[in-house]
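What follows is one structure encoded as structure tokens, with my remarks underneath.
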Amino acid sequence: MRVCVFCGSSPGKSPSYQDAAREVGVTLAGRGIELVYGGARAGTMGVLADAVLGAGGVVHGVIPQSLVDREVAHTGLTSLKVVANLHERKAEMSALADAYLVLPGGAGTLEEFFEVWTWAQLGLHTKPIGLLDVGGYYQPMLRFFENMSAEGFLVETFREMLIVTTDLAEALDRFTEYHPPRTKWT
């Protein structure tokens with residue numbers, strides 16, 4: 001199994017974000033799950049990749065040439081694919097992954113999450129999506145999703161398709177039993 005993890009190119013203010021990235025990395029490697037991620041050495045992305053590698057796991061990075069040129073690519077990965085742009089990066093990561101796990105991160109992390117969640121609603125993939133809610137990081141966004149549903153812009157089924165938990169083992173276990181809901185307009 002390969003899990004694509006979206007997380008920050010910054011470390012975040014709380015050490016708990018780096019600790020969570022480290023725990024995810026060690027746990028993935030321990031379960032024989034390969035990591036797919038954005039290929040950078042910075043922030044929680046680098047912590048995550050180093051943790052997988054340090055625990056003897058496999059890491060597939062995908063990074064656009066512009067970030068390689070800025071010297072942020074992690075050069076010690078199992079494999080690193082350099083692509084032309086961010087659109088190709090996301091498409092390649094998605095093609096490699098069997099599931100998605102979202103850790104705390106910034107605008108880029110959210111953009112990646114929203115794209116794969118939208119793709120799932122449209123039936124473009126049937127892969128599980130987990131949000132690891134470290135320290136309540138995603139609680140404001142989850143309340144916003146409740147409002148989206150209340151206002152008629154998000155079908156409850158699509159809100160419930162997300163695996164939201166503070167427990168990494170629970171998220172990974174639920175990936176194996178995931179069944180996607182009916183897609184939008186079907």
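All residue numbers refer to positions in the sequence shown, counting from 1.
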Do [X] and [Y] belong to the same hydrophobic cluster, where Ile, Leu, Val, Met, Phe, Trp and Tyr are linked whenever their side-chain heavy atoms lie under 4.5 Å apart, directly or via other members?
{"X": "Y100", "Y": "M161", "value": "yes"}
{"X": "L154", "Y": "L142", "value": "yes"}
{"X": "L86", "Y": "V83", "value": "no"}
{"X": "V47", "Y": "L28", "value": "no"}
{"X": "L96", "Y": "L48", "value": "yes"}

Exercise for review: Determine whether the aromatic ring centres of Y37 and F6 lie less than 6.0 Å apart.
Suggested key: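 So the answer is no for these two rings.
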
Check your understanding: Is the centre of the W117 ring less than 6.0 Å from the centre of the F145 ring?
Key ->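 Under 6.0 Å, so yes.
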
Point to revise | Audit row: V24, L101, side chain to side chain contact (heavy atoms under 4.5 Å, CB included) steps and yes/no | key: CA-CA 10 Å; V24 169; L101 183 65; 4.0 Å; yes

For the student: nearest non-hydrogen atoms of [X] and [Y], plus distance:
{"X": "F175", "Y": "G130", "value": "CE2-N, 3.8 Å"}
{"X": "L162", "Y": "L131", "value": "CD1-CD1, 4.3 Å"}
{"X": "A55", "Y": "A29", "value": "CB-CB, 3.6 Å"}
{"X": "V68", "Y": "A73", "value": "CG2-CB, 4.1 Å"}

Check your understanding: Hey, are S16 and Y137 close enough side-chain-wise for a donor-acceptor pair under 3.5 Å?
Key ->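 Looking only at side-chain atoms, S16 and Y137 do not form any donor-acceptor pair under 3.5 Å.
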
Practice item. Report yes or no: do Q18 and T44 form a side-chain donor-acceptor pair below 3.5 Å? Key: no

If we only count heavy atoms from C-beta on, is the [X] to [Y] side-chain gap below 4.5 Å?
{"X": "I63", "Y": "L80", "result": "yes"}
{"X": "V3", "Y": "M1", "result": "yes"}
{"X": "D50", "Y": "H74", "result": "yes"}
{"X": "P15", "Y": "Y17", "result": "no"}
{"X": "Q65", "Y": "D69", "result": "yes"}

Review point. Please walk me through it: do L35 and V5 pass side chain to side chain contact (heavy atoms under 4.5 Å, CB included)?
Key: CA-CA 7 Å; L35 170 66; V5 177; 3.5 Å; yes

Salt-bridged, [X] to [Y], with N to O below 4.0 Å?
{"X": "K90", "Y": "E111", "answer": "yes"}
{"X": "D173", "Y": "R31", "answer": "yes"}
{"X": "E146", "Y": "R143", "answer": "no"}

Enter the distance from [X]:[atom1] to [Y]:[atom2] here, rounded to the nearest 0.5 Å.
{"X": "S149", "Y": "R159", "atom1": "OG", "atom2": "CZ", "answer": "4.5 Å"}
{"X": "E34", "Y": "C4", "atom1": "CD", "atom2": "SG", "answer": "13.0 Å"}
{"X": "I129", "Y": "I163", "atom1": "CD1", "atom2": "CD1", "answer": "8.5 Å"}
{"X": "Q121", "Y": "F158", "atom1": "CD", "atom2": "CZ", "answer": "5.5 Å"}
{"X": "T165", "Y": "D167", "atom1": "OG1", "atom2": "CG", "answer": "5.0 Å"}
{"X": "M45", "Y": "S9", "atom1": "CE", "atom2": "OG", "answer": "6.5 Å"}

Review point. Please walk me through it: do T126 and H179 pass side chain to side chain contact (heavy atoms under 4.5 Å, CB included)?
Key: CA-CA 8 Å; T126 58; H179 297 288; over 6 Å; no

Practice item. Decide side chain to side chain contact (heavy atoms under 4.5 Å, CB included) for L77 and L53; before the verdict, give the C-alpha distance in whole Å, the side-chain angles of both, and the deciding distance to 0.1 Å. Key: CA-CA 8 Å; L77 305 178; L53 294 167; 4.0 Å; yes

[X] side-chain N/O to [Y] backbone N/O, donor-acceptor pair under 3.5 Å:
{"X": "D133", "Y": "Y138", "answer": "yes"}
{"X": "T78", "Y": "V58", "answer": "no"}
{"X": "R89", "Y": "V62", "answer": "yes"}

Just wondering, more than 12 heavy atoms not from [X] lying within 6.0 Å of its [atom1]?
{"X": "E71", "atom1": "CD", "answer": "no"}
{"X": "F144", "atom1": "CZ", "answer": "no"}
{"X": "K127", "atom1": "NZ", "answer": "yes"}

Review point. With D19, which residues qualify under side chain to side chain donor-acceptor pair (under 3.5 Å), at least two apart?
Key: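 With sequence neighbours excluded, D19 shows a side chain to side chain donor-acceptor pair (under 3.5 Å) to R22, given in chain and number order.
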
